[in-house]
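Presented below is the structure to which this report refers.
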Amino acid sequence: MSAMICCEIEDIGLCLQTEDTLFSPQRVDRGTMAMISCLDLHKGQKVLDLGCGYGVIGIYCAKIVGEENVFMTDINPRAVDIARENARLNGFRGLSVIVSDAFEHIKEKDFDYILTNPPYHEDFSVPKAFIEDGLRHLRMGGTMLLVTKRYQWYKNKLCAVFGGVKVMEKDGYYIFAAEKRECRKRAKTAGNKLSRKLKRKYGK
């Protein structure tokens, strides 16, 4: 069953088509709202909405940074179709929305922000892939922002890969902000060493 969500996020109005097969079809997820409230976006910044679902985060960001600077991906082709339609509903014709398993079809490595609300009710394989390869797709000084209700695993993993992480708590969710910094030797080393599974997947 399809539905239409009309909402205002940080003073920006959005209308979004959804359906029952997608995550949080009746309202914008509170975790997503919490993560968006922690953003400090500026026009011209380059943003990746990783695991975009029906497109809330990416479309919101496009309203601020410009649609040419936003990339949206999801492994689910149906989610990508609906996110594309939602981009059009909100006035965007050139917003990049593609089917991709994590970073499989993402060549850009100069994002200011990588934003994701991963499936934390399952095992850690999806966020593990997001975090391990995310560092390589950020510009120096860029940030991966991730929201979840779990704490310790994400803190440990982000610290191991990025060399450190800032953790914020809002509305029952943890928002992790991990910045790519050249001075963090451990982060640089970790970012160049993908797990065996990711090396097989990306042919590295």
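Side chains included, hydrogens not; waters and symmetry mates left out as well; all remaining heavy atoms used.
Counting heavy atoms from C-beta outward, F71 and E108 have side chains that approach closer than 4.5 Å. At a threshold of 4.5 Å between non-hydrogen side-chain atoms, the residues Y173 and D29 count as touching. Looking at L115 and L48, their side chains never come closer than 4.5 Å, going by heavy atoms from C-beta outward. Put simply, the side chain of I175 does not reach to within 4.5 Å of the side chain of E169, judged on heavy atoms. Residues L16 and L89 have side chains not in contact (no heavy-atom distance under 4.5 Å, counting atoms from C-beta outward). Counting only heavy atoms from C-beta outward, the side chains of L146 and I131 approach each other to under 4.5 Å. Here the side chains of M35 and I57 are in contact, with some heavy-atom distance below 4.5 Å. In this structure, V56 and I9 have side chains that are in contact, with non-hydrogen atoms separated by less than 4.5 Å.
For the residue pair K180/T143, the side-chain donor-acceptor check at 3.5 Å is not satisfied.
In this structure, K63 contributes its side chain and N90 its backbone to a donor-acceptor pair below 3.5 Å. Checking side-chain atoms of H137 against main-chain N and O of D110 turns up no donor-acceptor pair under 3.5 Å. D74 places a side-chain N or O within donor-acceptor distance of the main-chain N or O of G53, the cut-off being under 3.5 Å.
To the nearest 0.5 Å, atom CE of residue M4 and atom OG1 of residue T18 are 8.5 Å apart. Atom-to-atom distance recorded for N69:CG and E67:CD is 9.5 Å, nearest 0.5 angstrom. How far CZ of R88 is from CD of Q17: 9.5 Å, rounded to the nearest 0.5 Å. Taken from CG in D133 to NZ in K128, the straight-line distance is 11.0 Å, to the nearest 0.5 Å. Atom CG of N76 and atom CG of D81 lie 8.5 Å apart (nearest 0.5 Å). Atom CG in L138 sits 13.0 Å away from atom CZ in R181 (nearest 0.5 Å).
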- Item | Test side chain to side chain contact (heavy atoms under 4.5 Å, CB included) applied to F111 and R139, step by step | CA-CA 5 Å; F111 289 105; R139 69 165 181 81; over 6 Å; no
- Message: Is there a side chain to side chain contact (heavy atoms under 4.5 Å, CB included) between F176 and M168? Walk through the geometry before answering.
- Response: CA-CA 6 Å; F176 298 86; M168 296 158 280; over 6 Å; no
- Query: Do F103 and T73 pass the side chain to side chain contact (heavy atoms under 4.5 Å, CB included) test, and can you show the C-alpha distance, the side-chain angles, and the key distance before you say yes or no?
  - Reply: CA-CA 9 Å; F103 293 92; T73 73; over 6 Å; no
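Heavy-atom minimum distance, H105 versus S100: N-OG, 3.0 Å. Here the closest non-hydrogen pair linking C61 and L39 is SG-CD1, 4.2 Å. Nearest heavy atoms, K170 versus S37: NZ-OG, 3.0 Å. Across all their heavy atoms, Y54 and P25 have their closest contact at CE2-CA, 4.4 Å. Listed here is the closest heavy atom pair of Q45 and D40: OE1-O, 3.7 Å. Nearest heavy atom pair, residue D49 against residue G58, reads OD2-N, 2.9 Å.
Looking at residues two or more places apart in sequence or on another chain, you find a side chain to side chain contact (heavy atoms under 4.5 Å, CB included) between I64 and I12, L41, Y60.
The existence of a salt bridge linking R30 and D171 is confirmed by a sub-4.0 Å separation between a basic side-chain nitrogen and an acidic carboxylate oxygen. R78 and E19 are joined by a salt bridge, as a carboxylate oxygen and a charged side-chain nitrogen come within less than 4.0 angstrom of each other. In summary, E132 and K157 engage in a salt bridge, as defined by a charged side-chain N under 4.0 Å from a carboxylate O.
Y154 and Y151 end up in the same hydrophobic cluster when Ile, Leu, Val, Met, Phe, Trp and Tyr side chains are linked at under 4.5 Å. Residues W153 and V165 share a hydrophobic cluster, clusters being chains of Ile/Leu/Val/Met/Phe/Trp/Tyr side chains in contact below 4.5 Å. Hydrophobic clustering (side-chain heavy atoms under 4.5 Å, transitive across Ile, Leu, Val, Met, Phe, Trp, Tyr) keeps Y174 apart from F23. Placement of L14 and M33 within a single hydrophobic cluster is found when ILVMFWY residues are connected by side-chain heavy-atom separations under 4.5 Å, directly or transitively. Follow the hydrophobic side-chain contacts under 4.5 Å out from I59 and you reach L22 in the same cluster.
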